[in-house]
Amino acid sequence: MTRVFVPGDAAALSVGAEEVAEALAREAPARGVSIEIIRNGSRGMFWLEPLVEVETAAGRIAYGPVAPADVPALLDGGLLEGKPGALCHGLTEAIPYLANQERLTFARCGVTDPFSLDDYRAHGGYRGLARALALTPAAIVEEVAASGLRGRGGAGFPTGIKWRTVLEQPAGQKYIVANADEGDSGTFADRMLMEGDPFLLIEGMTIAGIAVGATKGYIYIRSEYPHAFRAFSRAIHIAREAGLLGERVSGSAHAFDIEARLGAGAYICGEETSLLESLEGKRGLVRYRPPLPAIQGLFGQPTVVNNLLSFAAVPTILAEGAAFYANYGMGRSRGTMPLQLAGNMRRGGLVEKAFGITMRDAIEGFGGGTASGRPLRAVQVGGPLGAYLPESLLDTPIDYEALAAVGGMLGHGGIVVFDDTVDMARQARFAMEFCAAESCGKCTPCRIGSTRGVEVIDQVLARADVPANLALLDDLCEVLADASLCALGGLTPNPVRSALRHFPEDFDRAPAVTIAATSG
Amino acid sequence: MPKRDRWDASNGAGAPAPAAHWDEAPRVRALIAAYDGVPGALLPILHALQEDFGFIDARAVPLVAEGLNLSRAEVVGVIGFYADFREEPPGRHILKVCRAESCQAMGSEPLTGHVLDRLGVEMGGTTPDGAITVETVYCLGNCALSPAVMLDGRLHGRVSSATIDRLIAEARS
Ligand SMILES: Cc1cc2nc3c(=O)[nH]c(=O)nc-3n(C[C@H](O)[C@H](O)[C@H](O)COP(=O)(O)O)c2cc1C
Ligand code: SF4
Ligand code: FES
C-alpha cells in the first residue's frame, strides 16, 4: 500500500490540507488503488502547503501547493508513483530550502506521524531520556550547561544555570513549566512542534524533571492555539498509556507527569512570572523579583520555566552529547536556532540553522525576498518588542550578541519582513498601542506611558507640532525603558526608537514652519 | 480590546450578588466539582464554563468563588483581566482577525476594513442578526501564511477579501 503524507498541522489545514486529504481518500480508491494517508506535521515550507508527499523506493516525493481540485489530475499524472509533473518538487529532502538547513530540533517534524511512539522511537526518539536515566541529576544538568544552550523564549539565559539553581534547592515539590504562550508575531515554531513532534517536548520536559527533581510539569499553551492544545493533550495521553509519563517513567524510579493548560488571550502571560500567576489561577500580573522563579516559582516552589524550544533541544543534547550540540553555532550562541520567516516573505517558513547565518541569507537565500516582489524596506526581528532594522543591516549575523550590537534582539526567532509600502510611523504607533493593550497594569510607565505614546504619535501623524511631539516621544521612551518592571514596557521603545532612527523620513510629516503657524 | 484595559477590575465593583434561583446552578456546580483538588483551577473552570455557555454568566461568579474558596471580587478580577472571557453572549460564530505585525505586512488592515464593511459592525461587535461577532487577535501562529483569521477556532491562511466573503456566507447559511 502506498503511503501518502498530508500534514495535519494547523497552518497546513488553514490552506486546505483537510480537503486535500479527503480528495485523496476519495479519488485514489476510485482509481482502484488503496493508499494509506498519514497526517504528519508540517515540514515548515509553508509556501508549498498543502504539501503532499508520496513514499517511493527513492524516497519521499513532494507536491505542492496542492488544491483539492488538483488531486484527480495529480493522481492521473502518476502522483502515487512519484512521477514528475506540475507541482512536483522531486525528493522532499533535496528541496534546497530543507537540504540547506541544520535540523536538530525539527529533525522529525513533518517526517513522522506525530502520534506514533513507534515512529518517534524509530527516528531516534527517547534516546536522550535513556541516557539521562543512566546519569545522576547533576550530570544531566552539567551536560545541558556544557552544550551552551540558551533559552529560546527571548532572554537567552543559559538553561544549564537555571536548572542548576533549581537542582540545588532543597528536595520537595518542584515544578517544570513549559512556556508555550508564543505571543510574538512572526513566530510559530512552538506551535509546529506541539502539533508535529509532541513527544520531543514530552521527552525534554521529562529529562528536565529528572534533572532537577521535579515530578510535575505544566505546559501553558496560548488559547489562540486550540489545535495545538488538542494535539499536545492527545500526545500526553498516549505517553501516559505507554508508561512514559506517570509514577515510573520508562520503568525507572522517577515519577513525572505533565498537565496542559490553556492561556486566555493575554500576551503578558508569556512573561514567566505572569505565566506562573496565571497558572495559579490569578490575573497575570508580573511579579517583582527576587525571588527568582527557580527559587520560588509556581505555588511558591522551585520551578524551571523554559520556552518549549529550550526543552525540545535537550533530548538531542543528551542523546548526542553536549559537544555535538555546542559544535554548531558561533561565539556565545551555541547550537541551532529555529528561525521563522514571516510577513511579506516569498517563501515563509521554518528554517533551523546554526547560529551565525546572516539575516540576508535567511531572508533572501531561504525566504526568496518579499512576497510582493517590491523592495524590502524593514525587518522586525524578535517579535513586537524587537527593533525594526533597515536593509543595510541585513548582513548582521544571527547571534544574540551580534544582533544586540546593532540594537536588535533575536527573541524567539521570528523575522517579519515589510516591503516599501510600509509606513514606519504607523508601525511605531502600533508598538505603543500593543503595549497599551497588553500591559498588565502593574506599573505606571507602561500602563500610562504607552497610551500617551499612542496619542503623541497620533499628533505626529496629524502633522501637529512634529518636533515637539517627537521630543516628547523620546522622553516617553526613556521613561518606559528605565522605569518599567518588565520587558513589555521596557522594550517597547525598541521598535519605536529604531523606526525613528532608521526611517526618520516617515516621521517628517510636515514642514516645521506650517506647524509653528498653526499651533502658535 | 477594552477588556485588556480593565486591569483594575479587581476592586470588585460590580461583583454580582448571589443568584437565589438559577436553573443552571446545578450544572455549574457539577462543572466546578470536576476540578476538585486541581491546584490553580480558576482558568480551566472559566474556560469550561465559557465552552459550555458561550460566555461567563454573572450568576456563575458566586458559585465559582464559593467552589474555589475565593472572594467574588477575585473571580471578577480574573474574568476582567483576560481578553478571552466574555461577560455577554457572543454571536453564533466568532471571527477573529489577526492584526499583528506579520499580518500587517500582508495587508491585514485593508482586510479588517473589508470584514467590518461586510458585516456592518465595529471591531468587537456582533451583527444585528446575531450571526457573527468579530474580534481582533494578535497573532494566530500562521505568520508564514499571513494574513490569517480564525473562524470558530478554525484557522485560515492566505486570506483574501474573497475568502472573507466565503467564510461570512458559510457562517450565515
Ligand atoms: C512581555 C513578555 C512576553 C514573553 N513571552 C514569551 C513567550 O511567549 N514565550 C516564551 O517562551 N517566553 C516569553 N517571554 C520570556 C519569558 O519571560 C522567559 O524568559 C522564558 O520563558 C524563559 O525560558 P527560556 O530561558 O527557555 O527562554 C516573554 C517575556 C516578556 C517580558
Ligand atoms: S512593564 Fe507593563 S506589563 Fe510589565 S509589569 Fe509593568 S505594567 Fe506590567
Ligand atoms: S501575525 Fe497574524 S498570524 Fe501571526
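Owing to the predicted nature of the structure, the values given are computational and were not obtained by experimental measurement. Letters A, B, ... are given to chains in the order of the sequence lines, protein chains preceding strands, and every chain is numbered from 1. What's counted below: heavy atoms across the whole structure, side chains too, no hydrogens, waters or symmetry copies.
When B:E101, B:Q50, B:Q104, B:R99 are compared by the number of non-hydrogen pairs under 4.5 Å with chain A, B:E101 comes out ahead. When each of A:R261, A:E259, A:R191, A:E280 is checked for heavy-atom pairs under 4.5 Å with chain B, A:R261 comes out on top. Highest contact tally toward chain B, considering only A:A189, A:A10, A:G348, A:A11, is held by A:A11 [criterion: heavy-atom pairs under 4.5 Å]. Of all the listed residues (B:C103, B:A100, B:C143), the one sharing the greatest number of non-hydrogen pairs under 4.5 Å with chain A is B:C143. Counting heavy-atom pairs under 4.5 Å between each of A:L350, A:V422, A:T187 and chain B puts A:T187 at the top.
Between B:L46 atom CG and A:L262 atom CG the span is 12.0 Å, to the nearest 0.5 Å. Atoms NE2 and CG, on A:H227 and B:L155 in that order, are 9.0 Å from each other to the nearest 0.5 Å. In this structure, CG on A:D423 lies 12.0 Å from CD on B:E109, to the nearest 0.5 angstrom. From B:N142, atom CG reaches atom CD of A:E49 across 10.0 Å, with rounding to the nearest 0.5 Å.
When heavy atoms are compared at a cutoff of 4.5 Å, A:R222 approaches chain B solely by way of its side chain, counted from C-beta outward. With a 4.5 angstrom heavy-atom cutoff, A:I268 touches chain B only via side-chain atoms. For A:Q340, no part sits under 4.5 Å from any heavy atom of chain B, backbone or side chain. Neither the backbone nor the side chain of A:D190 has a heavy atom closer than 4.5 Å to any heavy atom of chain B. Looking at A:A431, there are no atoms closer than 4.5 Å to chain B (heavy atoms on both sides), in backbone or side chain. Proximity to chain B (any heavy atom under 4.5 Å) is shown, for A:E182, by neither the backbone nor the side chain. A:P384 touches chain B through backbone and side chain together, each having a heavy atom under 4.5 Å away. Proximity to chain B is limited to the side chain of A:Y218, based on heavy atoms less than 4.5 angstrom apart. Interface remark: B:P44 contributes side-chain atoms only to the contact with chain A (heavy atom separation under 4.5 Å).
The backbone N or O of A:G263 lies less than 3.5 Å from a partner atom in the side chain of B:H47, making a donor-acceptor pair. Although no hydrogens or angles enter the test, the distance criterion places no donor-acceptor pair under 3.5 Å between the side chain of B:S102 and the main chain of A:G186. The main-chain N or O of B:H156 is never found under 3.5 Å from a side-chain atom of A:S14 such that the two would form a donor-acceptor pair.
Aromatic ring centroids of B:Y138 and A:F434 lie under 6.0 Å apart.
Few gaps surround CG on B:D129; more than 12 heavy atoms of other groups in view lie less than 6.0 Å from it. The environment of B:E170 atom CD is dense: over 12 non-hydrogen atoms of other residues, nucleotides or ligands sit within 6.0 angstrom.
Summarising the geometry of A:G349 relative to B:A144, their closest heavy-atom pair is N-CB, 3.8 Å, with the distance given to 0.1 Å. In terms of heavy-atom proximity, A:A266 sits nearest to B:F81 at CB-CE2, 4.2 Å. Taking both residues in full, the closest heavy atoms of A:Y225 and B:G141 are given as OH-CA, 3.4 Å, listed atom of the first, atom of the second, then distance. Nearest approach of A:G183 to B:C139, heavy atoms of both residues: O-CB, 4.1 Å. Among all heavy-atom pairs drawn from A:P226 and B:M150, the shortest one is CD-CE, 3.8 Å.
Side-chain polar atoms of A:S278 and B:Y82 form a donor-acceptor pair below 3.5 angstrom.
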task = Show the numbers, then the answer: is there a side chain to side chain contact (heavy atoms under 4.5 Å, CB included) between A:K282 and B:L42?
result = CA-CA 8 Å; A:K282 303 177 195 151; B:L42 183 52; over 6 Å; no
